[in-house]
Trainee: 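Below you'll find the structure I mean.
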Amino acid sequence: MQRERILGKTGTFLSFPATKTYFPHFDFSSRSRQVRAHGKKVADALTLAVNHLDDLPAALSSLSDLHAQRLKVDPINFKFLSHCLLVTLARHHPGNLNPEVHASLDKFLSYVSSVLTSKYR
Amino acid sequence: MVNWTAEEKQAISTIWAKVDIEKTGAGALSRLLVVYPWTQRYFSNFGNMSSPTAIEGNPRVRAHGKKVLTSFGEAVKNLDNVKATFDKLSHLHSDKLHVDPQNFRLLGDNLIIVLAATLGKDFTPEAQAAWQKLVGVVAAALSRHYH
């Protein structure tokens with residue numbers, strides 16, 4: 001699966017413009033290299049998460065630290081990205097996102113989001 | 001008054017023209033009930049919702065999904081007056097149905113996922129952006145008379 005390309009196309013910045021406030025230095029034109037590179041970073045982290053479903057807090061511990069101490073991204077934004085990821089998957093695999101698969105993915109992304117914000121306070 | 005660009009209005013109506021209201025409505029509501037099972041609390045008299053298959057085949061769910069999406073269509077037809085369009089429905093959801101407004105947002109986002117799954121590449125990122133705005137406007141209109 002072309003993970004990086006799918007994440008690069010995830011229209012989070014387009015649908016939820018406030019998310020751009022975390023990347024004031026970015027070029028947001030379509031095909032932006034910065035957006036695609038960042039999409040790849042996120043895709044790699046999600047791949048790591050998928051491979052550690054049974055010990056997510058441990059696997060994502062340093063990313064949790066990073067988000068709590070440095071990035072401080074408001075938790076709502078994880079919801080926006082998760083939603084756009086699901087939309088993009090649905091768009092690219094129209095037949096495959098049936099309700100049960102959707103529910104599992106939503107649950108997974110919710111859990112990843114809560115782990116990444118778990119050290120906020 | 002919501003400010004719609006010509007492109008946004010175009011994206012919304014182009015997508016809407018491709019929507020099978022009965023199928024998409026039924027699909028969006030049943031998916032909501034499967035993915036967010038706690039939403040079933042509002043439909044305790046709808047009969048068998050014991051599994052995703054039961055939910056997706058439930059005739060009352062399907063009928064209600066069609067009803068909800070038909071109503072949503074009123075927003076599409078009245079983009080410049082969504083608030084007034086949902087005046088009565090807002091009172092109904094608040095005073096009679098006692099539905100948590102968060103559910104309007106959940107259903108709206110869910111509808112968008114169904115549109116993407118149904119229309120594939122036709123549901124462009126620009127189309128999604130316009131529809132995110134629309135579902136937000138509808139959710140706000142329905143929430144307006146809560147007190």
Side-chain angles (χ1 to χ4, degrees), chain A residues 1-2 4-20 26-32 35-36 38-39 75-114, chain B residues 5 7-8 11-12 15 18 23-24 26-40 49 51-58 61-62 65 102 105-137:
Chain A
M1 183 172 76
Q2 306 140 314
E4 303 81 40
R5 287 223 254 140
I6 282 188
L7 262 184
K9 288 177 181 168
T10 299
T12 311
F13 294 133
L14 205 59
S15 281
F16 302 100
T19 54
K20 292 189 289 189
F26 264 25
D27 156 31
F28 291 107
S29 57
S30 78
R31 296 180 163 334
S32 151
V35 172
R36 284 200 287 176
H38 194 71
I76 193 76
N77 295 287
F78 296 97
K79 277 213 176 127
F80 293 150
L81 177 60
S82 300
H83 169 68
C84 289
L85 195 60
L86 289 172
V87 172
T88 306
L89 283 172
R91 188 189 297 130
H92 285 269
H93 304 275
N96 289 350
L97 198 70
N98 66 45
E100 290 100 310
V101 170
H102 176 173
S104 303
L105 284 172
D106 191 275
K107 185 173 171 180
F108 164 69
L109 291 168
S110 272
Y111 186 35
V112 168
S113 303
S114 76
Chain B
T5 65
E7 291 80 11
E8 285 169 340
I12 288 168
I15 295 294
K18 300 183 205 257
K23 216 167 150 213
T24 303
L29 183 62
S30 58
R31 186 176 286 253
L32 182 80
L33 297 167
V34 168
V35 177
Y36 307 105
W38 54 91
T39 56
Q40 293 169 27
M49 292 203 284
S51 69
T53 316
I55 292 171
E56 285 151 52
N58 184 313
V61 169
R62 303 190 70 83
Q102 174 61 10
R105 294 180 268 272
L106 276 181
L107 182 58
D109 278 348
N110 208 45
L111 173 62
I112 282 174
I113 289 178
V114 171
L115 289 175
T118 315
L119 301 173
K121 302 285 170 63
D122 281 354
F123 196 66
T124 63
E126 291 74 18
Q128 182 195 350
W131 275 82
Q132 293 292 163
K133 191 166 163 179
L134 176 59
V135 301
V137 166

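All chains are named by letter (A, B, ...) in the order of the sequence lines, taking the proteins before the strands, and each is independently numbered beginning at 1. Everything numeric here is computed off the predicted structure, so don't read it as measured data.
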Trainee: Measuring from B:R105:CZ to A:H83:NE2, what's the distance to the nearest 0.5 Å?
Mentor: 13.5 Å

Trainee: So which of B:A129, B:A116, B:G136 has the largest heavy-atom pair count under 4.5 angstrom toward chain A?
Mentor: B:A116

Trainee: Which atom pair, heavy atoms only, marks the closest approach of A:P99 to B:V35?
Mentor: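 Answer, listing the atom of A:P99 first, then B:V35: O-CG2, 3.7 Å.
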
Trainee: Between A:N98, A:N96, A:V87, which has the largest tally of heavy atom pairs under 4.5 Å with chain B?
Mentor: A:V87

Trainee: Find the one option among B:V114, B:L33, B:T124, B:L119 whose heavy-atom pairs under 4.5 Å with chain A are most numerous.
Mentor: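 Looking at each option in turn, the highest pair count goes to B:T124.
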
Trainee: Can you tell me which portion of B:E126 sits under 4.5 Å from chain A's heavy atoms? Options are side chain, backbone, both or neither.
Mentor: both

Trainee: Restricting to non-hydrogen atoms, name the atom on A:P94 and the atom on B:A117 that form the minimum distance, rounded to 0.1 Å.
Mentor: CB-O, 3.1 Å

Trainee: At a heavy-atom distance under 4.5 Å, which candidate from B:I112, B:D109, B:L115, B:I55 has the highest pair count against chain A?
Mentor: B:D109

Trainee: How many angstroms lie between atom CD of B:Q132 and atom SG of A:C84, to the nearest 0.5 angstrom?
Mentor: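 Answer for the CD-SG pair, B:Q132 versus A:C84, is 6.0 Å.
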
Trainee: Less than 4.5 Å apart, side chain to side chain, heavy atoms only: is that true for B:N110 and A:H102?
Mentor: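 In contact.
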
Trainee: How far apart are the closest heavy atoms of B:G120 and A:R91, and which atoms are they?
Mentor: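 Looking at all heavy atoms of both residues, the closest pair is O-CG, 3.0 Å.
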
Trainee: Please check if the number of heavy atoms outside B:K23 that lie under 6.0 Å from its NZ is greater than 12.
Mentor: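 No - once you tally the heavy atoms of other residues, nucleotides and ligands closer than 6.0 Å, there are 12 at most.
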
